[in-house]
2 protein chains.
Amino acid sequence: MRIAEEAAKCSLSVDTIRYYEKAGICPSIERGPDGNRRFSPENLDWLNLLAALRETGMPTKKMKYFADLYRQGDAKAAERKKVLKQHEMHLDLQQARLTKCKALLRHKLALYDQILGVKT
Amino acid sequence: MRIAEEAAKCSLSVDTIRYYEKAGICPSIERGPDGNRRFSPENLDWLNLLAALRETGMPTKKMKYFADLYRQGDAKAAERKKVLKQHEMHLDLQQARLTKCKALLRHKLALYDQILGVKT
DNA sequence: TACCGACCTAGAGCAGCTTCAGGTCAAGTG
DNA sequence: CACTTGACCTGAAGCTGCTCTAGGTCGGTA
């Protein structure tokens with residue numbers, strides 16, 4: 001009786017967590033004698049990271065690649081870092097999109113203000 | 001012999017444009033006597049807006065709703081404005097996610113620097 | 001006339017969840 | 001002690017939003 005809480009904590013749905021584990025997108029999660037998942041702090045750290053990566057547009061394929069590197073241990077730490085670095089750059093791209101969209105919306109909304117009169 | 005260029009201009013794929021038109025997500029696009037689409041400035045303006053909205057996470061259902069309002073004319077202008085306003089707020093949410101992810105990545109990258117030594 | 005490139009449509013395929021059907025188990029209730 | 005309830009489990013089907021494929025049309029060049 002844990003998964004619902006933990007899911008909420010890291011802003012993933014219960015189903016998404018199960019899906020991620022099954023697909024190897026996150027490292028596998030220990031089970032109790034009842035067959036239910038027992039989340040370790042490490043698990044939570046992972047899920048938190050994955051949630052953040054997903055929310056900012058990382059494809060699951062890349063997340064899986066990252067998880068695969070993790071399973072291969074410290075030898076692959078440098079490569080893992082590279083994946084994160086890459087995503088950091090991707091964030092800038094998204095930032096640009098956000099800014100562009102914001103400007104466009106402001107423009108459109110100004111037009112609506114003209115049409116509608118500035119009541120709202 | 002137009003769609004490929006126009007698609008590139010508004011950063012949508014040719015297939016996406018066709019899909020949007022067919023699904024009523026954008027207003028329909030005029031055809032020449034050859035059956036090919038002839039994009040009006042208005043069409044381009046729409047596609048540009050849709051591209052920006054999509055890139056920042058608006059679901060197609062909402063885009064379609066917006067297009068439906070447009071087809072209903074000026075009477076629905078206020079409602080259309082509301083949709084855009086709503087998305088403007090959604091942008092802030094995304095901004096927060098971006099910022100949070102950025103902080104998390106910085107933290108993780110710092111840890112990797114410790115493990116790997118600061119070579120990179 | 002034959003081919004090439006850019007367009008067209010309908011429909012299949014794919015990613016990333018999300019929902020559903022059917023089942024287990026532990027705890028509380030009459 | 002049987003029974004219900006609630007949180008978990010699994011495998012598989014369903015949904016969204018494209019993306020790709022197959023098969024075809026049309027206008028221009030060799």
Side-chain angles (χ1 to χ4, degrees), chain A residues 1-26 28-40 43-44 46-68 83 87 90 94 97 101, chain B residues 1-26 28-40 43-44 46-68 83 87 90 94 97 101:
Chain A
M1 292 65 182
R2 276 283 126 76
I3 193 170
E5 292 169 46
E6 308 301 356
K9 263 187 228 163
C10 53
S11 57
L12 290 170
S13 80
V14 167
D15 289 306
T16 302
I17 293 177
R18 295 207 263 249
Y19 165 68
Y20 280 5
E21 191 193 7
K22 196 172 171 185
I25 291 167
C26 66
S28 58
I29 299 158
E30 246 189 287
R31 305 304 179 98
D34 54 0
N36 294 5
R37 290 171 182 80
R38 293 291 134 81
F39 294 83
S40 68
N43 291 147
L44 294 181
W46 256 90
L47 293 175
N48 252 308
L49 178 60
L50 289 183
L53 295 176
R54 176 186 75 155
E55 280 177 347
T56 53
M58 181 180 285
T60 51
K61 210 177 267 184
K62 209 167 213 169
M63 296 192 220
K64 179 162 174 18
Y65 176 60
F66 188 72
D68 287 340
V83 172
H87 192 67
H90 174 81
Q94 275 204 255
R97 281 180 186 146
C101 186
Chain B
M1 294 67 182
R2 277 282 125 77
I3 194 171
E5 291 170 46
E6 308 301 354
K9 262 187 228 165
C10 52
S11 56
L12 290 169
S13 80
V14 168
D15 287 309
T16 302
I17 292 178
R18 296 207 263 247
Y19 166 67
Y20 280 6
E21 192 193 5
K22 196 172 169 184
I25 291 166
C26 67
S28 60
I29 298 159
E30 246 190 286
R31 304 306 178 98
D34 54 0
N36 294 6
R37 290 170 183 81
R38 294 291 135 81
F39 294 84
S40 69
N43 290 148
L44 294 181
W46 257 90
L47 294 175
N48 252 309
L49 177 60
L50 290 182
L53 295 175
R54 174 185 78 156
E55 280 177 348
T56 54
M58 180 179 286
T60 51
K61 209 176 268 185
K62 210 167 213 170
M63 293 193 223
K64 179 163 173 20
Y65 177 60
F66 187 73
D68 287 341
V83 172
H87 192 69
H90 174 80
Q94 276 203 254
R97 283 180 185 146
C101 185

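In the text below, chain A, chain B and the rest are named by the order of the sequence lines, each starting its count at 1. On a predicted model such as this, the values are computed, not experimentally measured, just so you know.
Separating the CZ atom of B:Arg2 from the P atom of D:dG27 is a distance of 15 Å, rounded to the nearest angstrom. The separation between B:Tyr19 atom OH and C:dG13 atom P is 18 Å, rounded to whole Å. As rounded to whole Å, 16 Å separates atom P of D:dT16 from atom NZ of B:Lys62. Note: CZ (A:Arg54) to P (C:dT18) measures 6 Å, nearest angstrom. Atom CD1 of B:Ile29 is separated from atom C1' of C:dC8 by 13 Å (rounded to the nearest Å). Distance, A:Asp34 CG to D:dA7 C1': 10 Å, rounded to whole Å. Following rounding to the nearest Å, A:Phe39 (CZ) and D:dC9 (C1') show an atom-to-atom distance of 12 Å. If you take CD1 of B:Ile17 and C1' of C:dT9, they are 16 Å apart, rounded to a whole angstrom.
For D:dC8, the OP1/OP2 oxygens have no side-chain nitrogen or oxygen of A:Arg38 closer than 4.0 Å. Remark: A:Lys22 is in phosphate contact with D:dG11, judged by side-chain N or O atoms under 4.0 Å from OP1 or OP2. Side-chain N/O atoms of A:Arg18 include none lying less than 4.0 angstrom from OP1 or OP2 on C:dC17. In this model, the phosphate group of C:dT18 is approached by a side-chain N or O of A:Ser13 to a distance below 4.0 Å at OP1 or OP2. Residue A:Arg37 has a polar side-chain atom (N or O) positioned under 4.0 Å from OP1 or OP2 of D:dC9. Taking only side-chain nitrogens and oxygens, A:Tyr20 comes nearer than 4.0 Å to OP1 or OP2 of C:dC17. Regarding contacts with the backbone of C:dT9, a side-chain N or O of B:Arg31 is found under 4.0 angstrom from either OP1 or OP2.
Of the two residues near DNA chain D, B:Pro33 and B:Pro59, the one whose nearest nucleotide lies more 5' is B:Pro59.
Residues A:Arg54 and A:Thr16 have side chains in contact (heavy-atom distance under 4.5 Å, counting atoms from C-beta outward). Put simply, the side chain of B:Glu21 does not reach to within 4.5 Å of the side chain of B:Ile17, judged on heavy atoms. Residues B:Phe66 and B:Met58 are not in side-chain contact: their nearest non-hydrogen atoms beyond the backbone lie 4.5 Å or more apart.
Of the candidate nucleotides D:dC20, D:dT16, C:dT18, D:dC20 has the atom nearest to the side chain of B:Asp15. In the set D:dT10, D:dT16, C:dC7, the nucleotide with an atom closest to the side chain of B:Asn36 is C:dC7.
A:Leu47 CG to A:Ile29 CD1: the interatomic distance, rounded to the nearest 0.5 Å, is 5.5 Å.
For B:Thr56 and B:His87, the side-chain atoms include at least one donor-acceptor pair closer than 3.5 Å.
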